[in-house]
2 protein chains.
Amino acid sequence: MATINEIAKMAKVSRTTVSRFLNNSGYVSEDVRKRIEKVIEETGYIPSQYAKSLRTKQTKVIGVILPTIRTETSSRLVAGMDEILAASGYQILLANTNLNKEKEMEYMDLLKSRQVDGIILAATNVSDALVNKISQLVIPCVAIGQEIDGISNVLYDDYHVARALTSLFISKGHQHIGFIGVAESDRSVGLLRKKGYLDEMEKSDFAVEPAWLQKGIFDIDSGYTAMKNIMETSNQKPTAVFAVTDRLAIGAMKYLKEHNYNIPDDVAIAGIGASEVSMHLDPSLTTVDYQNEKAGKEAAILILDQIKKENKAIKKLTLTYRLLERGSV
Amino acid sequence: MATINEIAKMAKVSRTTVSRFLNNSGYVSEDVRKRIEKVIEETGYIPSQYAKSLRTKQTKVIGVILPTIRTETSSRLVAGMDEILAASGYQILLANTNLNKEKEMEYMDLLKSRQVDGIILAATNVSDALVNKISQLVIPCVAIGQEIDGISNVLYDDYHVARALTSLFISKGHQHIGFIGVAESDRSVGLLRKKGYLDEMEKSDFAVEPAWLQKGIFDIDSGYTAMKNIMETSNQKPTAVFAVTDRLAIGAMKYLKEHNYNIPDDVAIAGIGASEVSMHLDPSLTTVDYQNEKAGKEAAILILDQIKKENKAIKKLTLTYRLLERGSV
DNA sequence: TCTTAATGTGTAATCGATTCCACATTGCGA
DNA sequence: TCGCAATGTGGAATCGATTACACATTAAGA
């Protein structure tokens, strides 16, 4: 692969001039410009980003740390980010932790060594060690979905969403409402959504039977199992069940259908996530659109802001949500 | 951020020795080793990949060009690749074309300028210009899902899958079989799957009514519309419909259910893709598991092979598929 | 005791770009 | 005609690492 030196030699100018030509900085006469253009055309020369980055300390790369890339949520997030970042000439370097905390730490270092211009962190459970690492990070960093002190955040309104959904059930006359959650170590999905549900129940003075509180692990099967547990172990069967993700809700619906419960007459169901199929299920699933793409975009905008303007002001952005009331309630 | 020079100074050795320490190359006495270790520990020094890459011509980055990152197929592919690549210390640099051909070309250059060690291309429609560009590429390159001459490929057996599904319908006694495809500019999904269907129909001497042949655009809604067209414009309504993707099939099922057709008694349905929900639909959708993750893994293995061994042998790998016969047929 | 090999460490060139200077040329007003 | 600004080009240091080579020290074998 050709280098700037060879181009310079071939065009009979100094590499300084070639550099000026490439970056449109400083004066280059029309004559010389044409010569360089021609040589570059002929050789198909492409400047090395690495050499460039070494000097300029700019890589035009944003590191994105994800807990997984298999979910719709993740793809949407990345799609949103990419839309904004690509427009400014940035690319995404992927770091997939597979929910492994050590990897999270490892990747922070790796991204640092690759001198990414910024890091977007979509973490699910935030360890102290990680927070610590981030706080002493010089690279701009934005977190999505979990509140982390000291850096900018794009947040979902998990607590109020949970309250809103529970409240929706209550407004429809339900008093016995079940809950399918996930591990509370996941602050946003596990803890806050549960708290929202519990608080809303308490506000209406509705008791919550322990058997109504089940946990899944983010997939359809565990939603099925959770629903099974609810229906088969509770004294009083609930007439509505709130699942903290669409997948869990889908699993729950599957159980209900298999056991000839009518949705929503016997048991109403709601999820969170607005997955693509949610609208096309039978009945269509009531859910909440978190606007992940928007979250991705906002995070990208925040990070670019920080990079460009040296705008170190920390921003906490809480996104709005859209409750999609559909056939399942 | 500290550099190797500062570390060297602080540890009172030359930067050469520090480098040897870092890379475990050459001799470093226990005494010196400890001093360096200590300094690195204290400063939190992390070597710059850029400087390193500039010298070594190795970036440990694989560029991945995707038509979109919103689909399950894409996420699975990337997940598969990442699993293999991460294990060898490689990271993924994302290049999302959004189905834009010019972007495809642009990204090839961009990845080249970033000197990625290899490129994995998941293209849907391959322009001549692109093939041309690839052929004169010095960087190892692997294509997934579309056959491109001159480089290694990981292929799905689109043609035979289509024949197998059509044949399945026929074996169940169906003679009137509809088809929901996509644009044929997409060779694999559009052209080959259609050809497989048509050939199998012809083999059994079953006529195909033009109205049975509909096109969608990869989403649920267009599957719905396509099914609507089939049922509302054909003279003889088909008793089975083969959709080339699960999403199209889901849309088709939705139409059928809404219009009180029983699946599979009135109309049988099959898709391709083995999307996560396919199993949990009602009835569960007959589909074909393309093993995208495996495809991603294989592509990653191929690329690493080429990088490591300078093994320039071109390999064409056609993956096996699993036909998942379920309730919808 | 002297060679020779093994063990440690440092010097300096190098990778491919950017950028601060210095220097050369030209044109224009005084 | 001179001086100065505008225009155009090149020299050389620099970014942060790797690596060939030279050199110094030590240990082992004859």
Side-chain angles (χ1 to χ4, degrees), chain A residues 1-37 39-40 43-61 89 109-117 138-139, chain B residues 1-37 39-40 43-61 89 109-117 138-139:
Chain A
M1 199 128 88
T3 75
I4 197 173
N5 278 307
E6 299 170 45
I7 302 299
K9 201 171 291 171
M10 291 176 73
K12 300 196 200 313
V13 294
S14 79
R15 67 163 163 279
T16 309
T17 306
V18 177
S19 173
R20 262 195 302 265
F21 168 83
L22 290 170
N23 298 287
N24 246 316
S25 56
Y27 308 106
V28 180
S29 66
E30 200 48 39
D31 180 38
V32 168
R33 189 178 296 275
K34 283 218 180 90
R35 283 212 312 274
I36 297 178
E37 224 155 27
V39 173
I40 289 181
T43 55
Y45 163 72
I46 296 177
S48 152
Q49 262 294 326
Y50 285 86
K52 187 168 179 164
S53 295
L54 183 58
R55 273 293 324 221
T56 60
K57 308 283 171 208
Q58 267 227 19
T59 58
K60 289 281 187 175
V61 170
D109 280 345
L110 193 57
L111 292 179
K112 203 167 147 194
S113 84
R114 291 199 185 280
Q115 321 230 165
V116 294
D117 291 343
V138 279
I139 302 171
Chain B
M1 199 129 89
T3 74
I4 198 174
N5 278 306
E6 298 170 47
I7 302 300
K9 200 171 292 172
M10 291 175 73
K12 300 197 198 315
V13 294
S14 78
R15 67 164 164 280
T16 309
T17 307
V18 177
S19 173
R20 263 194 303 263
F21 167 83
L22 290 170
N23 298 287
N24 248 316
S25 56
Y27 308 107
V28 180
S29 66
E30 200 47 40
D31 180 37
V32 168
R33 188 178 296 275
K34 283 219 180 90
R35 283 213 313 274
I36 298 178
E37 223 155 28
V39 174
I40 289 182
T43 55
Y45 163 72
I46 295 176
S48 154
Q49 262 295 326
Y50 285 87
K52 187 168 179 162
S53 296
L54 184 58
R55 273 291 327 219
T56 60
K57 307 284 171 206
Q58 268 227 17
T59 58
K60 289 281 188 175
V61 171
D109 280 344
L110 195 56
L111 292 179
K112 203 167 147 195
S113 85
R114 291 200 186 280
Q115 321 227 167
V116 294
D117 291 342
V138 278
I139 302 171

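Naming: A, B, ... by sequence-line order, numbering from 1 per chain.
- Inter-residue side-chain proximity for Leu22(B) and Lys52(B) is flagged as unmet; no heavy-atom pair is nearer than 4.5 Å.
- Residue-to-nucleotide contacts include a donor-acceptor pair under 3.5 Å from the side chain of Arg20(A) to the base of dG10(D).
- In the set dT9(C), dA13(D), dT18(D), the nucleotide with an atom closest to the side chain of Arg55(A) is dA13(D).
- With dT9(C), dG16(D), dA17(C) as the choices, the nucleotide that has an atom nearest any side-chain atom of Leu54(A) turns out to be dG16(D).
- The side chain of Ser29(B) sits closest to dT9(C) out of dC15(C), dA17(C), dT9(C).
- Note: CG (Leu22(B)) to P (dG16(D)) measures 15 Å, nearest angstrom.
- Residues Ser19(B) and Thr16(B) form no side-chain contact, since every pair of their non-hydrogen atoms from C-beta on lies 4.5 Å or further apart.
- Among the nucleotides dT9(C), dC15(C), dC15(D), the one closest to the side chain of Val32(B) is dT9(C).
- Look at Ser14(A) and you'll find a side-chain N or O under 4.0 angstrom from OP1 or OP2 of dG10(D).
- Atoms CG (Asn24(A)) and C1' (dT19(C)) sit 16 Å apart, rounded to a whole Å.
- DNA chain D is contacted by both Gln115(A) and Thr17(A); Thr17(A) maps to the nucleotide lying nearer its 5′ end (nearest heavy atom per residue).
- Positionally, the nearest nucleotide of DNA chain C for Tyr27(B) lies more toward the 5' end than for the other of Tyr27(B) and Thr16(A).
- Out of dG10(C), dA17(D), dC15(D), the shortest distance to the side chain of Ile4(B) is found at dA17(D).
- Residues Gln49(B) and Val61(B) fail the side-chain proximity criterion, which asks for heavy atoms closer than 4.5 Å.
- Counting non-hydrogen atoms under 4.0 angstrom, Val18(A) reaches nothing in the nucleic acid.
- A side-chain contact (heavy atoms from CB on, under 4.5 Å) with Phe21(B) is found for exactly one of Ile7(B), Val13(B), Val32(B), Ile40(B), namely Ile40(B).
- If you check every strand for non-hydrogen atoms under 4.0 Å, Asn5(B) touches nothing.
- Comparing dA13(C), dG16(D), dG16(C) by their closest approach to the side chain of Arg15(B) singles out dA13(C).
- Taking atom CZ of residue Phe21(B) and atom P of nucleotide dT19(D), one finds them 17 Å apart after rounding to whole Å.
- Spacing between atom CD of Glu6(B) and atom P of dC15(D) amounts to 10 Å, rounded to whole angstrom units.
- When the C1' atom of dA17(C) is taken as reference, atom NZ of Lys52(B) falls 20 Å away, rounded to whole Å.
- Within the 4.0 Å cut-off from OP1 or OP2 of dT18(D), not a single side-chain nitrogen or oxygen of Lys57(B) is found.
- As judged by a 4.0 angstrom heavy-atom cut-off over every strand, Thr3(B) is placed among residues touching the sugar-phosphate backbone only.
- The separation between Asp31(A) atom CG and dT9(D) atom C1' is 12 Å, rounded to whole Å.
- Rounding to whole angstrom units, CD of residue Glu30(B) and C1' of dG8(C) are separated by 13 Å.
- When side chains are defined from C-beta on, Thr43(B) counts as touching Met10(B), because their heavy atoms get closer than 4.5 Å.
- Side-chain contact between Ile139(A) and Lys112(A) is present, with heavy atoms from C-beta onward closer than 4.5 Å.
- Out of dG8(C), dT18(D), dA17(D), the shortest distance to the side chain of Thr56(B) is found at dT18(D).
- Taking atom CD on Gln49(B) and atom P on dG16(D), their separation rounds to 15 Å, with Å as the unit.
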